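Worksheet for the structure shown next.
When a ligand or atom number is given, it counts from 1 through the structure's own listing order. It should be emphasised that the depicted structure is a prediction, and the values quoted were computed from it without experimental measurement.
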Amino acid sequence: MILQQASKRATELREIINQHNYHYYVLDEPDIPDAEYDRLLRELTDIETEFPELIVSSSPTQRVGATPLSEFEQVKHVVPMLSLGNAFNEEDMQAFNKRINERLETERVAYSAETKLDGLAVSILYDNAELKIAATRGDGYTGENVTHNIRTISSIPLNLLGDDLPELLEVRGEVFMTHKSFEELNNIQRNNNDKLFVNPRNAAAGSLRQLDPKITAQRSLSFFAYGIGDYKGKVDFKSHTQILKQLKLWGIPVSPETKEMNSIQDCLDYYRDISERRTSLPYEIDGVVFKVNNLLQQQAMGFVSRSPRWAIAYKFPPVEEMTKVLDIEVQVGRTGAITPVARLEPVFVGGVTITNATLHNLDDIKRKDVRIGDWVYIRRAGDVIPEVVRVIKEKRRRVTEFTMPEVCPVCGADIERQEGEAVFRCMGGISCSAQNLQAIIHFVSRKALNIDGLGEKIIIQLIETGLVNSVADLYTLADKRDTLSKLERMGKKSANNLIEALEKSKKTTLERFIYALGIREVGEATARSLAQYFKAFEPIESASTDELEQISDIGPVVAHNIHSFFQQKHNKEIIEALKKVIHWEAVETNLLSSLEGMTFVITGTLSSMGRDEAKQRLLALGAKVSGSVSKKTNYVVYGDSPGSKYEKAMQLGVKTLTEQELLKLLAD
Ligand code: D41
């Protein structure tokens, strides 16, 4: 064969193979026997072996890359990957529907329904219809580059098919493992005396996070799309179901269980139907997802924190099992909170073996009347910590009651309970090694400074050997490379990796840094709000509780926690030391929208638009629009003949905007 002929045949074969793939994976209607498919693939491989110059990266023979990676690269999502709010019962669903109808001022909303796959969310970018980059969801803003592994998933096209192909398309969906593939994988693991995976989700996660794509390629992963991120193209999308239909036409697998719903009642029926068929589906699902179908209506609903208000996951009830309480011990958390934990006779619940369950606090133990020696029901919902649901009183024989220790079992400091609080706390503060340990674990965790190679066992050694007393000391380890490499489970290579990870963590974001400090009740969302509002660290350190309460999701308690954290001498010292080594990039305005989290009040008559239109446009940008003015209002927009709301704004010192200024803000 001459090169020209070979080139023509190779192109032809790629098209034929891609079409068969489409029939097999997307339409679920195989149109040729496997042997014939294999023959076509072999013919293509032979041509490419003879004429290597014809190989293109999107050829179906090129799914598995040759070289393993040494680490995953970080990828920033241009359009953030949001998370889903949850509903656990019919009332939650009715409340969701009511919120939507009220906000949209409608009586009935059309939804799309789909199953909630228990897998891992990823984003796959097609540039001019060719697969370019795939990344895990990560924290929703930054994920890991897993392109090399995503390419090995046979059902994901390397090139989009069909007409009106987009210039740019980010496909969002869930990577998962079917029950069948999971069983097969564990059989192989068993035969090789390798560790078994506890459930399909863990197996999928383990397979996706492989540095060597050859391993991922053997793991038989699946994919269903649930939406899109960034998009530039001819097709003008009007609804969520239209997006999914179009993705399917472009060759992307979509769940066959996706349906349009005309009312909330349809949704409840859908939930019941899927619940009944759950165990006969070939893959694991942990609920169903409902989304407002109309995209304009979605836009008008906006977001809360990290979840869209237009979507909800209606979760299946968690799995419960029976076991015996062997003992009740207490754990000391990062903020000194004492949590009683039931040590259990090992029991298999929802795919994993459980040996501990939380009892939350003393009130909870009293209410449930749990005693050592009791038989209890244990519940495990998704990835949350298992909990004791209730005691089986009929089985009670010889039991002993739990008493809260008076001093901290770790540091010996007093244990106290504050007025009106359910939790007991160790008063040892950071001098309590349990609290100190938890503070360090939190500081290095993935969503905080994300320092790899610092597991709990290593941190304990660092503390016990006196190498590290506080998080600030972590950054002195670079000067103690030799001592570090002599620790148990360490060695030269790990020590070097750790020092490199520490070096990398010095460049972070303001919100991660705030979150990493571990201020009580300041989670990721609050840390993000603080960073967005103050834009720099110093004003946060010196903010009064009044100033802090200006932020819409910060109330008096959290404001107090933040303020008093920065007053502590010990914290001040640590922060000073950290500020010398850690740097963050300038805070960008929120990617979701510039008005996210801001509250507006509109008063008077606007000339260019109705008050309602102004409201819709503000909502679409993520702002809240309220009917009354308070200290928390960010702006009062006033038109002609404004009423008492304008006066109130003046009294409280709330900023005001003219209609012109509003228009400029909306245009920006
Ligand atoms: O099947 C799923 N697991 C699923 C996940 C789904 N069917 N739809 C989803 N929709 C979203 C929004 C509405 C936020 C775009 C999702 C997820 N998010 C999701 N998966 C993991 C985090 C968020």
Side-chain angles (χ1 to χ4, degrees), residues 77-87 96 100 109 111-124 134-144 146 155 169-178 199-201 204-205 208 221-231 237 239-245 247-248 252-261 267 270-271 274 278 281-295 297-299 301-316 381-384 446-447 524-525 591-593 596 622:
H77 300 298
V78 178
V79 179
M81 293 182 78
L82 301 167
S83 52
L84 280 166
N86 289 321
F96 167 73
I100 290 174
V109 173
Y111 295 100
S112 91
E114 52 207 81
T115 48
K116 183 168 183 301
L117 289 148
D118 199 7
L120 292 106
V122 296
S123 185
I124 309 171
T136 60
R137 176 172 177 277
D139 63 2
Y141 297 91
T142 322
E144 285 176 332
V146 286
S155 63
L169 174 72
E170 227 177 345
V171 177
R172 263 110 196 241
E174 242 5 75
V175 169
F176 60 98
M177 198 177 268
T178 60
N199 55 40
R201 198 195 121 83
L208 198 61
L221 292 168
S222 305
F223 177 82
F224 282 152
Y226 67 65
I228 60 175
D230 215 359
Y231 169 71
F237 293 121
S239 71
H240 179 67
T241 41
Q242 185 199 353
I243 292 177
L244 296 186
K245 275 183 200 139
L247 289 180
K248 198 168 162 183
I252 306 280
V254 171
S255 162
E257 303 293 347
T258 309
K259 293 203 170 69
E260 285 178 35
M261 306 277 121
C267 295
Y270 177 88
Y271 173 83
I274 297 286
R278 179 181 181 185
L281 292 175
Y283 40 78
E284 194 81 56
I285 59 172
D286 58 352
V288 296
V289 184
F290 298 108
K291 300 174 183 172
V292 169
N293 200 20
N294 182 306
L295 299 189
Q297 288 184 327
Q298 284 187 2
Q299 225 190 24
M301 289 302 301
F303 310 86
V304 252
S305 179
R306 295 183 162 200
S307 322
R309 286 202 195 85
W310 45 263
I312 200 157
Y314 190 178
K315 295 287 206 61
F316 293 134
D383 276 347
V384 303
R446 199 168 58 90
K447 290 175 180 170
E524 296 162 83
L591 290 164
L592 296 180
S593 91
E596 182 70 39

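- Which parts of ligand 1 touch A311 is read off a 4.0 Å heavy-atom cut-off, strictly below it: atoms 13 (C).
- W310 has its side chain within reach of K291: a pair of non-hydrogen atoms, C-beta onward, lies under 4.5 Å apart.
- Between Y270 and Y111, the ring centre distance reaches or exceeds 6.0 Å.
- Using a 4.5 Å heavy-atom cutoff, the side chains of S155 and F224 are not in contact.
- Remark: S222 pairs with no residue by the side chain to side chain donor-acceptor pair (under 3.5 Å) rule, at least two apart or across chains.
- The heavy-atom pair separating T142 from D139 by the smallest distance is N-OD1, 2.8 Å.
- Looking at L117 next to ligand 1, an N or O pair under 3.5 Å apart turns up.
- Counting protein heavy atoms only, atom 20 (N) of ligand 1 is closest to E174 OE1, 3.3 Å.
- Within the set V122, L82, I228, the minimum heavy-atom distance to atom 23 (C) of ligand 1 is found for L82.
- The shortest N or O to N or O distance between W310 and ligand 1 is not under 3.5 Å.
- At the shortest separation from atom 11 (C) of ligand 1 among protein heavy atoms lies Y226 CE1, 3.6 Å.
- T115 counts as a contact of ligand 1, since one of its heavy atoms falls under 4.0 Å from the ligand.
- With respect to atom 21 (C) of ligand 1, the closest heavy atom belonging to the protein is A121 CB, 3.6 Å.
- Annotation: Y314 is not in aromatic contact with F96 [ring centroid separation under 6.0 Å not met].
- In this structure, the side chains of T258 and Y226 stay at 4.5 Å or more apart for every pair of heavy atoms.
- Closest to atom 12 (C) of ligand 1, if we only count protein heavy atoms, is L84 CD2, 4.1 Å.
- For ligand 1, the polar-atom distance check against K291 finds a nitrogen or oxygen pair separated by under 3.5 Å.
- Polar contact check, E114 against ligand 1: a nitrogen or oxygen pair lies under 3.5 Å apart.
- Within the 4.0 Å heavy-atom criterion, neither part of R172 lies near ligand 1.
- With no hydrogens or angles considered, a side-chain donor-acceptor pair links E260 and T241 at under 3.5 Å.
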